[in-house]
Each structure stands twice: as structure tokens, then as C-alpha cells.
Amino acid sequence: MTTSARSPLTAAAPRRRSLLLGGASTVTLATVGLGGTAAAGPSTGSPAATPADFDFDTGNFIWDLIYKYSPLESAIAPMDATVLHRFVHLSTTAWFDAVAPYHPTAVGVHSRLGRRPSGEAATNRNKNIAGMYASFRVVQGVETGREAAFRDLMTAIGLNPDDTSQDRTSPVGIGNLAGKAVVAAAERDGMNQLGDVGRRYNGRPYADYTGYRPVNTAYELDDPSRWQPGLGPHGRRLGGGAGDKGIFVVQHFVTPQMARSKAHTFRDPGRFKLAPPRHSDHTRAREYKRSVDEILEASAALTDAQKVAVEFFDDKLLGIGRSVGAAGWAHADRMDLDRWVHLFFTNTVSLYDTLIACWYQKAKYDSVRPFSAIRHVYGSSPVTAWGGPGRGRVTDLPADEWASYLNVGDHPEYPSGSTTLCAAQAQAVRRFFGDDVLDLGFTTAAGGTRVEPGTTPARDIELHYATWSDFVRECAVSRVRGGVHFKKTVEESIVFGTQFGDLGYEYARRHIRGDVDS
């Protein structure tokens, strides 16, 4: 395996968002480290100055092209985990299927394209070409808004994006076939990508077709145990600012049909048991109030370092996206292009199936968010908590004016999607490497937070998670500190999510070993 002197996660780069491994508008990639990892990687020499310098024989299309040049930049809000991760999952599965014919044993998920002679895998050339064409076909079929950027990247490295060959003996044909097979499977996977389920005209992509209706409105909390849609300024989610003045929008449960999507590792998400959220059942008044008070205590105790961590884990492109890459670089001496593809595939299967099971439970329990519960318990009585952007000091304020540090996700509270994802990912990657090593670092410059820009943190803050165990604990508690999940919820979510890491790992290993039905 050919190596480089450092991980691309530590390399200087322009401010940008990378869909697959994350980024932050307030930090450059140069500020993001991996905790001192003695990094080695799949590219030779210094990072290429332009895509045209990409070496197909020794390079790695994931790091050197898709990550570095960020052709898949996302405008999706970080909390829209279902739509966001579906695209990442489809892209990564296409990589796996495209590279499989060049591996001694691997068998694709959506395409079985045969086994190429071992000599064709003597370098990374064919795998890089196949991987890029597979990625491009997924972009064309799932996220057409990104097609122009990816087309430019393909052209810059000397590939013809209009080459639609289906020759199974060529890397172009293999990549095209792999990508198109993934897209075909996705069109009817339950997520309603085309927006035509139950409609003949004017389809709405990813629209709900399950008939979900909240029992509460944004204006009346009739059942304090059930989810209440939030009311917020228009544009806040996409732009991160205050939105259009005077225009407000009501939340809708984002993609409840995720629960009906096709998983890799199970058929019925209802088979996975999760205890009812008694801690947010308003008829159990003592437990309900305890859950509320734990949120208020965490809000009042927020430190600069905690705010940085809360934002880090809230950005799914950053916390969950970057961590798997960090783990790979922490084990760089064991990584080649195949192993990188297999690592990302193991991770994404675990995450995708976790989301399906999590969304099933969210729809089933339809649980109240903390902002509604706090108002139910305390009304307009004063509480001590974080005072909001621009008033970040701890203060006394009316409970009905309390706000969480984070924007609240467009879905019911129980279980915590972020926590289940962190737990599943951690377990899958632990199993992949056989240890708990992560070595993930992240630095936010003074004044670089999204919620309190210019003021928080007061000085540069560096986060570091040496192990996956550290990562999961901090991921879970960040949801409480951010004010969007109850303490008991995240505790239950860790246990619930971990099992999908095991299932995802076992599924990926079967495909890597070729131990699947032909």
C-alpha cells in the first residue's frame, strides 16, 4: 500500500462543506485535526494542487477527489438526517458494488458484475475509475442538483461523464452498471424519492404517504406527552439566521415513511423492542418533572466547550460524518483503497438501518419535545437557564420563553436519532477494527460557533475523543445540553442503537467475504 505523510483531515483547504466527511462554516479544514495520529494514507506525496494531478494508479477517489474537492456539497440542513444519509448511503453502496469485481471475494449488494482478473487490481486505477462513475450515476439519479459540480470534476481528471458504456469488462461499464443498479433500487425503496406515491400529478419528492397527523398543534398542547410541532421563523433551518422577518412556519414530521423503507439487515423494524418513554408521560408527574428539570439544569450549566461540542454533534456532516474517517486514519497502517470502501460501507449500512428502526419508534411513541414539556410544567413561572443568542449568560426567564440551544428537529423526541446513530456507528467500526480506538479531534476558533457567532467560544476550543466510548457518551449528553432530548431518552437510545452496529457489521462482512446468495 502506498502512503502519504498526513491525513487529508489535517490538510489545509478552503472553507467548504464536504458531504461525506463534514465541515463547518466557522472552521477551515486546517483547524480540524485527528488528535496527533501518525497519519498515513492512500495517496503519494503532497496533496494534489488540482484534480488533474490525481494519480489513478496510487490515489484514492474517496479522499483525493470526492472529499478534497467536495463536489457533493449539501444544502440540506444538518438535522434532516434521513434524506441526507440516504444519499450518502446510496453513494457509498455504489462504491462498494463498483469495487467488488476487483476484490478477491466481495459481492455487490444491488449488482453482481462478476469477478475481474486479479491483474486488473494490481493498482488502484480500475477501482478509482469504477468508483467515480458509480458515484456520478447516483448523483444523476438521486441528487441532480449536484450533477454539474460532479461533471466538472470528472472532466478535470480526464474521465468522460457522458460515457454510458455498460461493458462489464471495463471499469467505466462496471461503475455505470453499479451506480444505475443502486439508483433503480432506490426509486421504490419506501422513501418516495419520486414523490408519486398516491399522486398522479405534481409529485412532491420525499412527501409523507403514511397519513401521520400530530395530535397537538403548534399553538395548543392538548396532550403533553405527545409531539408538538414547533413554530419558527421562515428560513432559519436553511440559512442558520433569523429568517424572513414576520414569516413563521410550523414543523412537519420529516419523512415518517422512513420507517417503511427497505432495510438491509431486517424486514420488520417493529421486532426491535424499545421501552415506552415513561419519563415523558405527563400522567407520571414526578418523572415528567424530573426530565424537565434535567434539561433546565443542563441549559443553565452550559459552558463554551459544551456549546462547541453540542454544535459539533448536531451537524451530521461533521460529528457522525468525520468520525468514521478519523477511525480509519487512526488505523492507517491497515488501510488500502478496498479497506476504505469496506469501512465506509460497513458504517453506512449500520447508520441507514438504524434510521429506519429509529423512525419506526418515533412514529410509534410520538413523544413530546422538551420545549413543550417545560411550558407544560412551569407555564410562565421563572426558570434559570441559558438566555438565548446574544444573551448567552445564565439568567432567570419565564418558562414559556425558554428556548433550546439547538434548533429542534422536525420529528418526535423518542428515541434520539443522533444518539442511536452515534451508538450504531461506534459499534460497527469497533467490530471492523477490533478495538475502541477513534482519535478524533476538532477545533473551533474563538467566536466560531453557529448559534453565538463572534462571541462563543471566548477562546479557541479543541475537542478530542480518544475512543468510541468517549464519542458516544459525549454525543448522547450533547443532545441534553442542546435542549432537544431528555436524559433518559439518550440513555435508552445508546442501547437501542448499538445493536444495529452489530447487524450492519455482520451484513457487510458477508458481502465482503462473498458469503451471500448468488
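Position 1 is the first residue of the sequence; numbering continues from there.
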### Task
Verify whether one side chain among Asp281 and Tyr365 offers a donor that lies under 3.5 Å from an acceptor in the other.
no
### Query
side chain to side chain contact (heavy atoms under 4.5 Å, CB included) between Thr419 and Glu492: does it pass, once the steps are laid out?
CA-CA 9 Å; Thr419 307; Glu492 295 287 347; over 6 Å; no
### Query
Do other residues, nucleotides or ligands put more than 12 heavy atoms under 6.0 Å from Asp268 CG?
yes
## Note on the structure
Correct closest heavy-atom pair for Ile461 and Ala305 would be CG2-CA, 4.1 Å
## Note on the structure
Nearest heavy-atom approach of Pro457 to Asp304 is CA-OD2, 3.3 Å
### Message
Is the shortest side-chain heavy-atom distance between Ile320 and Cys422 below 4.5 Å?
### Response
yes
### Sequence neighbours excluded, every pair satisfying ring-ring contact (aromatic ring centres under 6.0 Å, His included) that has a member inside residues 189-218
Tyr212-Phe253
Can we say [X] and [Y] salt-bridge, meaning some charged N sits less than 4.0 Å from an Asp/Glu carboxylate O?
| X | Y | value |
| --- | --- | --- |
| Arg431 | Glu506 | yes |
| Lys487 | Glu491 | yes |
| Arg86 | Glu143 | no |
| Arg260 | Asp208 | no |

Do the rings of [X] and [Y] sit parallel, tilted or perpendicular, given the 30° and 60° boundaries?
| X | Y | result |
| --- | --- | --- |
| Tyr288 | His376 | perpendicular |
| Trp95 | Phe344 | perpendicular |
| Tyr352 | His89 | parallel |

#### Entry: With Cys358 via disulfide bond (SG atoms under 2.5 Å apart) - residues at least two apart
none
### Message
For residues 187-222, which residue pairs pass the disulfide (SG to SG under 2.5 Å) check, not counting sequence neighbours?
### Response
none
### Query
Between atom CD of Gln427 and atom CH2 of Trp468, what is the distance when rounded to the nearest 0.5 Å?
11.0 Å
### Steps toward side chain to side chain contact (heavy atoms under 4.5 Å, CB included) verdict (Phe266, Phe500)
CA-CA 10 Å; Phe266 55 84; Phe500 300 102; 3.8 Å; yes
### Message
So does Asn216 get a backbone contact from the side chain of Asp222, meaning a donor-acceptor N/O pair under 3.5 Å?
### Response
no
### Task
Please confirm whether Phe442 and Tyr465 have ring centers closer than 6.0 angstrom.
no
### Working for side chain to side chain contact (heavy atoms under 4.5 Å, CB included), residues Arg375 and Trp402
CA-CA 8 Å; Arg375 294 169 188 175; Trp402 178 86; over 6 Å; no
